[in-house]
**Student:** 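Below are the structure tokens for one structure; questions will follow.
Side chains included, hydrogens not; waters and symmetry mates left out as well; all remaining heavy atoms used. Since we're looking at a predicted model, the values are computed, not measured.
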Amino acid sequence: QVQLMESGGGSVQIGGNLRLTCVASPALLKNNRRCLAWFRQSPGKKRAGVASIDTGDGRSRYGDSVKGRFTISLDDTKNTVTLQMNNVKPEDAAMYYCAADSGFCDGSWVLGDFPWWGQGTQVTVSS
């Protein structure tokens, strides 16, 4: 069974740091090249891509609003993708979702290209 499970959400102060973790089921990653990504969605807004990493070549991509502040990393020995959020801003408050594409990362953030999704983890930002 293919699963993605996020953790690490919570409350963080403006300017603080938070680390989100997504554990993927072995069936999803074993012998498969995948694009693993983080998306986020806040009330009244569309779900948007935050960061992605290609399990094949390790290349990472970031949304413009998080470049230089967020880092996505992959630990394929643990089937885990991590999103390190630094210098958090109020606009970073959202539900964060982990997602997996059926192939390599192509630089797009089309939701329909990602068949597998986690349940999400909430990030709130306080002053």
**Student:** Please report the interatomic distance OG1(T121) to CG(L20), rounded to the nearest 0.5 Å.
**Tutor:**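 Rounded to the nearest 0.5 Å, the OG1-CG separation comes to 6.0 Å.
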
**Student:** Using atom types as modelled and distance alone, determine if a side-chain donor or acceptor of D113 lies under 3.5 Å from a backbone N or O of D101.
**Tutor:**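 Between the backbone of D101 and the side chain of D113 there is no qualifying donor-acceptor contact (under 3.5 Å).
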
**Student:** Start with the C-alpha distance between D92 and K89, add both sets of side-chain angles, then the distance that settles salt bridge (Lys or Arg N to Asp or Glu O under 4.0 Å), and finish with yes or no.
**Tutor:** CA-CA 5 Å; D92 295 324; K89 299 180 179 181; over 6 Å; no

**Student:** Check whether any side-chain heavy atom of V50 sits under 4.5 Å from a side-chain heavy atom of L83, and report yes or no.
**Tutor:** yes

**Student:** I want to check something: taking the side chain as every heavy atom from C-beta on, are R34 and L29 in contact at a cut-off of under 4.5 Å?
**Tutor:** yes

**Student:** Could you tell me if the side chain of Q84 sits less than 4.5 Å from the side chain of S73, heavy atoms only?
**Tutor:**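 No, side chains not in contact.
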
**Student:** Using 30° and 60° as the class limits, which term best fits the ring planes of W117 and F39: parallel, tilted or perpendicular?
**Tutor:**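 Rings of W117 and F39: tilted, as their planes differ by 30° to 60°.
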
**Student:** Please round to the nearest 0.5 Å and tell me the distance separating atom CG of N87 and atom CD1 of I14.
**Tutor:** 10.0 Å

**Student:** Would a 4.5 Å heavy-atom cut-off, applied to side chains only, mark N79 and L28 as touching?
**Tutor:**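 Result no, sub-4.5 Å side-chain heavy-atom pair not found.
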
**Student:** Closest approach of A100 and P115, non-hydrogen atoms and distance?
**Tutor:**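 Shortest heavy-atom separation between A100 and P115 comes out as O-CD, 3.1 Å.
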
**Student:** Checking R61 against C105 for the side chain to side chain contact (heavy atoms under 4.5 Å, CB included) test, could you report, in this order, the C-alpha distance in whole Å, the side-chain angles of both residues, the deciding distance, and whether it holds?
**Tutor:** CA-CA 9 Å; R61 293 181 172 90; C105 294; 3.4 Å; yes

**Student:** Tell me, do M85 and Y96 make a side-chain contact under 4.5 Å, heavy atoms counted?
**Tutor:**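 In short, these two side chains touch, coming nearer than 4.5 Å.
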
**Student:** So with a 6.0 Å cut-off around CD of Q122, is the heavy-atom count from everything else above 12?
**Tutor:** yes

**Student:** Which heavy atom of W109 sits nearest a heavy atom of G63, and at what distance?
**Tutor:** CZ2-N, 4.2 Å

**Student:** List the atom pairs, donor and acceptor, that lie under 3.5 Å between side-chain atoms in residues 2-11 and the rest of the protein, sequence neighbours left out.
**Tutor:**
residue	atom	partner	partner atom	Å
E6	OE1	Q119	N	3.0
E6	OE1	G120	N	2.9
E6	OE2	C98	N	2.8
E6	OE2	G120	N	3.2

**Student:** What distance do R59 atom CZ and C35 atom SG have between them, rounded to the nearest 0.5 Å?
**Tutor:**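 Reported value, rounded in 0.5 Å steps: 11.0 Å.
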
**Student:** What I'd like to find out is whether the side chain of S52 reaches to under 4.5 Å of the side chain of W38, using heavy atoms alone.
**Tutor:** no

**Student:** Does R33 have any side-chain contact (heavy atoms from CB on, under 4.5 Å) partners at least two apart in sequence or in another chain, and if so, which?
**Tutor:**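 Partners of R33 under the side-chain contact (heavy atoms from CB on, under 4.5 Å) test: D54, T55, D57, F104.
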
**Student:** Go through the steps to decide whether L18 and V123 satisfy the test side chain to side chain contact (heavy atoms under 4.5 Å, CB included), and finish with yes or no.
**Tutor:** CA-CA 9 Å; L18 196 66; V123 174; 3.8 Å; yes

**Student:** How about I72 and Y62: do any of their side-chain heavy atoms sit closer than 4.5 Å?
**Tutor:**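 A side-chain contact under 4.5 Å exists here.
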
**Student:** Are V81 and I53 side-chain neighbours, meaning at least one heavy-atom pair lies under 4.5 Å?
**Tutor:**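 The answer is yes; the side chains approach within 4.5 Å.
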
**Student:** Following the transitive rule for hydrophobic clusters with a side-chain heavy-atom cut-off under 4.5 Å over Ile, Leu, Val, Met, Phe, Trp and Tyr, establish whether F114 and M95 coincide in one cluster.
**Tutor:**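 In one cluster with F114: M95, yes.
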
**Student:** Between OG of S60 and CZ of F70, what distance do you get to the nearest 0.5 Å?
**Tutor:** 14.0 Å

**Student:** Does any N or O in the side chain of T80 come within less than 3.5 Å of the main-chain N or O of K78, such that one atom is a donor and the other an acceptor?
**Tutor:** yes

**Student:** Relative to Y97, does R40 satisfy both conditions: NZ or CZ under 6.0 angstrom from the six-membered ring centre, and within 45 degrees of the ring's axis?
**Tutor:**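 Because its charged atom misses either the 6.0 Å distance or the 45° angle limit, R40 does not stack over Y97.
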
